[in-house]
Undergrad: 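If you scroll down you'll find the structure; I have some questions about it.
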Amino acid sequence: MAFWPNVVVATPAHSGVGSSLTYRSELSLTPGTLVRVPLGAREVLGVVWDCPPQPPEGLTDAQTRAVADVLVGLPPLNARWRQLVKFAAQYYQRGLGEVALAALPPQLRDLSTVQLARRLKKQEKARGTAGDTTPSPPASAPALSDEQQTALQTLDTAKAPVLLFGATGSGKTEVYLQATQQALEAHTDAQVLVMVPEINLTPQLEARFRERFEPLFGADALVCLHSGMTPAQRLAGWLAAHTGQARIVLGTRMAVLASLPGLRLIVVDEEHDPSYKSQEGARYSARDLAVYRAKVENEALSAQGGNARCQVVLGSATPSLETWHAADQGRYLRLSMPARIGGGALPRLRLVDMNHQPKGAVLAPPLVAAMAERIARGEQCMVLLNRRGYAPVLACHDCGWKSACPHCSAYRVFHKLDRTLRCHHCGFTERVPRACPDCGNLDIAPIGKGTEQLEEQLAGLLANVQRPDGSPARVARMDADSTRLKGSLEQQLATMHSGEVDVLVGTQMIAKGHDFRRITLVAGINADSGLFASDYRAPERLFALLMQAGGRAGRDAAFVNSQGSASEMWVQTWTPQHPLFDALRRHDFPAFAAQQLAERENAGMPPFGHQALLRADARSQQAAQAYLNAAAQAADGLPHRDEITLYPAVPLTIQRVANVERAQLLVEASSRGALQRFLSAWQPVLLECRALPQARGLIRFAVDVDPLSI
DNA sequence: AGCACGCCGACT
DNA sequence: GTCGGCGTGCTC
């Protein structure tokens, strides 16, 4: 008796190989079994997709090679996981094996069967001792507000994805915690997946979950899964999730593809965050896959009978318009928690019209004065500027030279601290020239402001300001540069918490998640620069960013009240008349969303229309565009072509990065189904078009379904 | 995608 | 003389 298992390996859709490869095996292999198979000269990890007892047609015996090794001891990946992977591969136009293998920990690929057995044994042993840990008193959950209570109850019985629309500080995390507890207590094998948009946000959430659940389920019951972990940690975490030993998995977008056989609750925190959309490889939206995954789990659970469900919660103070629209239509269940815990008020908006401020001032004088007042009272301030470095450009006043990157169509940023010019796109770094490289003029000067300069200027402006104890005000900066070294993020957060720092200057990263109880003033500098960009999502992003940043202020109602002052959100803008600010002033996200959705509907934009991008990287811009336009031409006559609009190829905003020219072509459809079917039919055509003479110089192409920016 | 094989520049 | 750059082609 022999079998012909179809095995998926890490070959992408555009490699020309079908979705799976057929091997030979003496044994019948359960679908989902992990195997090692010969592929060319090497041996690779693969997943058995099915295992028919008949040889395939059109494939000779000589072509079929034998399965080299079966990873016994590792339970097969279940049908729900395989369905999720299959859906993701189809929907995002990638190879089945590419998605499947990307969802497995990289170390699993090069681990021998013996090593794996050892790993599993170790894990098993740890599980054995987990139950013996001294039972600590169960962590007491705080009493819930009425809003939280309602949310929790609804969550328990909801028959649709739940949008938890909660103001910053309304206690969403406590709802996640208690929902997790509910799910875990309902079933001994139940697992919960909690996702956050960024690695930075995992430590504090992990701490909250550990504090609550370690006494109940032991330390091994919670694992983290994100790309910042070492390969060994990732393998261990993945194995724990796959074997069910981990009851709670906390991670970034990659965690949505982890094997979780007992999944009963998925939490997507800050669901609007663009980081959930992967930007390379398979460009999937972890949020959308989370919703799909819950659906698959629920279909399986209801087929088994009983009323167990896998719930999915999308949490945000400023939901994505896609999610908001789904809630409007009743596809998602909207739960609102408008009140802050402790009765704190949301910060008052102070709009500064920069047209009426002294020319050249980065910070409006009234804002500086307001900050000085706060510092003198022992309060902290936060200033947001979304630009690293000292200045975005260095220029020669004489000949007009600018600090262009030789490899990219972008300027290199002036970093004063280490006297370098750095390209933020390709990483090319040089020491700042003493004189203009073109004309030798010594008068080269920075143009525009970055966080380094803002920190420097603020330190100067606040030099004479004293804190209540008479010590001088202290300014600190937090951005990707200041937190690059391991542990420095934690260190910087600690100095902020301890109150050593009065003013924190930083990029977007300071707006997310971190709770500093003494912050009562938040300022957005140059925040509206995004509004001038052509990106139709710019207002949505700006609103979310300002709302999130504003949410950092006045989190501790008791502190704010004791200070006798209200918290404030200052925004410096050149377009104060923009309707976005009216809604922001009222903290009225629903009004903002309604206005934006009306605009989107009129323009046929998402979520009313559906989009995909065909992107091309090439030696020359001409080749990139020629390939794209040829692909568009070759689409004639494909199924659903008449329901699709193909736009002409255009260069990306940053046309060249690291000497690679980039272009893209927008694909639009009014129906998701038509777009999907068209893209599937287009895929083989895209492969063929690579061989066209005009596409000479093409390096790669990729389809981006539901792109976040166009 | 990997990863082999294969052909041209700066180093032990 | 090699090490190594990445261009081209293949994987049941």
Side-chain angles (χ1 to χ4, degrees), chain A residues 2-29 31 33-70 85-86 88-90 92-111 227 231 254 257 278-284 407 426 428 615-620 623-624 627 657-661 683-684 686-693 695-704:
Chain A
F3 297 87
W4 283 267
N6 291 305
V7 177
V8 301
V9 295
T11 48
H14 51 272
S15 66
V17 180
S19 61
S20 68
L21 301 175
T22 307
Y23 289 85
R24 235 173 328 105
S25 162
E26 302 301 310
L27 303 163
S28 170
L29 299 172
T33 301
L34 285 158
V35 290
R36 315 196 134 274
V37 289
L39 184 69
R42 65 220 156 95
E43 206 174 278
V44 297
L45 183 66
V47 181
V48 174
W49 220 251
D50 56 19
C51 193
Q54 312 93 29
E57 270 180 59
L59 208 61
T60 65
D61 240 25
Q63 280 175 292
T64 351
R65 301 169 74 180
V67 169
D69 207 353
V70 178
V85 165
K86 189 176 172 188
Q90 257 166 20
Y92 294 105
Q93 303 291 318
R94 309 295 293 205
L96 188 56
E98 187 195 1
V99 177
L101 273 291
L104 303 175
Q107 217 181 44
L108 207 55
R109 295 180 189 204
D110 35 46
L111 216 59
S227 60
M254 67 187 304
L257 292 172
S278 148
Q279 285 307 317
E280 74 283 310
R283 296 166 184 239
Y284 61 86
H407 310 298
C426 73
F428 181 68
R615 298 203 26 186
D617 288 355
R619 281 289 124 63
S620 71
Y627 168 76
V657 168
N659 291 320
V660 172
E661 289 284 339
Q683 189 71 44
L686 298 179
L687 276 164
E688 286 165 25
C689 286
R690 287 187 305 184
L692 293 172
R696 212 173 151 73
L698 180 77
I699 298 167
R700 65 182 82 84
F701 74 85
V703 177
D704 187 347

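Here is the naming used below: chain letters follow the sequence lines, and residue numbers restart at 1 for every chain.
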Undergrad: With heavy atoms under 4.0 Å as the rule, sort A:Pro38 into base, sugar-phosphate or nothing.
TA: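 If one applies the 4.0 Å heavy-atom cut-off, A:Pro38 turns out to touch the sugar-phosphate alone, with no base involved.
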Undergrad: Restricting to side chain to side chain donor-acceptor pair (under 3.5 Å), what partner residues turn up for A:Arg700, sequence neighbours left out?
TA: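 By the side chain to side chain donor-acceptor pair (under 3.5 Å) rule, A:Arg700 matches A:Asp617.
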Undergrad: Between B:dG2 atom P and A:Leu101 atom CG, what is the distance in whole Å?
TA: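 Computing the A:Leu101:CG to B:dG2:P distance gives 9 Å.
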Undergrad: Rounding to a whole Å, what distance do you find between A:Gln683:CD and B:dA1:C1'?
TA: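 It is 14 Å, rounded to the nearest whole Å.
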Undergrad: Output the rounded distance in Å from CG (A:Leu687) to P (C:dT11).
TA: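 Rounding to the nearest Å, CG of A:Leu687 and P of C:dT11 are 16 Å apart.
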Undergrad: Residues two or more places apart in sequence or in another chain: which of them pass side chain to side chain contact (heavy atoms under 4.5 Å, CB included) with A:Ser20?
TA: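 With sequence neighbours excluded, A:Ser20 shows a side chain to side chain contact (heavy atoms under 4.5 Å, CB included) to A:Asn6, A:Val8, given in chain and number order.
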Undergrad: Which dot-bracket notation, 5' to 3', represents the base pairing of DNA chain C when pairs are defined as Watson-Crick or G-U with both distances under 3.5 Å, crossing pairs as [ ], and inter-strand pairs as |?
TA: |||||||||||.
Undergrad: I need the CZ-P distance between A:Arg42 and C:dC10, as an integer number of Å.
TA: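 Answer to the nearest Å: 15 Å.
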Undergrad: In whole angstrom, what separates A:Arg36's CZ from C:dT11's C1'?
TA: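 Nearest whole value for this atom pair: 17 Å.
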Undergrad: Using a 4.0 Å heavy-atom cut-off across all strands, classify A:Arg65 as base, sugar-phosphate, or nothing.
TA: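 Touches sugar-phosphate only.
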Undergrad: Separation of A:Asn659 atom CG from C:dC6 atom P, in whole Å?
TA: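 So the CG-P distance, A:Asn659 to C:dC6, works out to 12 Å.
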Undergrad: Testing A:Leu21, A:Val85, A:Val7 one by one against A:Trp49 for a side-chain contact (heavy atoms from CB on, under 4.5 Å), which residue passes?
TA: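 Exactly one pass, corresponding to A:Val85.
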Undergrad: Considering only side-chain heavy atoms of A:Ala10, which listed nucleotide, B:dG2, C:dT8, C:dC12, is closest?
TA: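 Shortest atom-to-atom distance from the side chain points to B:dG2.
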Undergrad: Which nucleotide sits closest to the side chain of A:Arg696: C:dT8, B:dG2, C:dC12?
TA: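 Output: C:dT8.
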Undergrad: When the distance from CD of A:Glu98 to P of B:dC3 is rounded to whole Å, what number comes out?
TA: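 Going from CD in A:Glu98 over to P in B:dC3 covers 14 Å.
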Undergrad: Kindly write out the residues that satisfy salt bridge (Lys or Arg N to Asp or Glu O under 4.0 Å) with A:Arg283, not counting sequence neighbours, or none if the list is empty.
TA: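 For A:Arg283 the salt bridge (Lys or Arg N to Asp or Glu O under 4.0 Å) partners, ignoring immediate neighbours, are A:Asp704.
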Undergrad: Should A:Gln93 and A:Gln683 count as side-chain neighbours, where that means a heavy-atom distance under 4.5 Å?
TA: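 With C-beta onward as the side chain, the pair touches.
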Undergrad: Would you classify A:Thr22 as touching base, sugar-phosphate or nothing, given that sugar-phosphate means primed atoms plus P, OP1 and OP2, and contacts are heavy atoms under 4.0 Å?
TA: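 Base contact.
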Undergrad: Taking side chain to side chain contact (heavy atoms under 4.5 Å, CB included) as the test, write out the residues that go with A:Arg42, two or more places apart.
TA: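 Expected list: A:Leu39, A:Val44.
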Undergrad: Grab the CG-P distance between A:Leu96 and C:dC12 for me, whole Å please.
TA: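 Distance, rounded to whole Å: 17 Å.
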Undergrad: A:Ser227: what forms a side chain to side chain contact (heavy atoms under 4.5 Å, CB included) with it, not counting sequence neighbours?
TA: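 By the side chain to side chain contact (heavy atoms under 4.5 Å, CB included) rule, A:Ser227 matches A:Ile199, A:Arg234, A:Met254.
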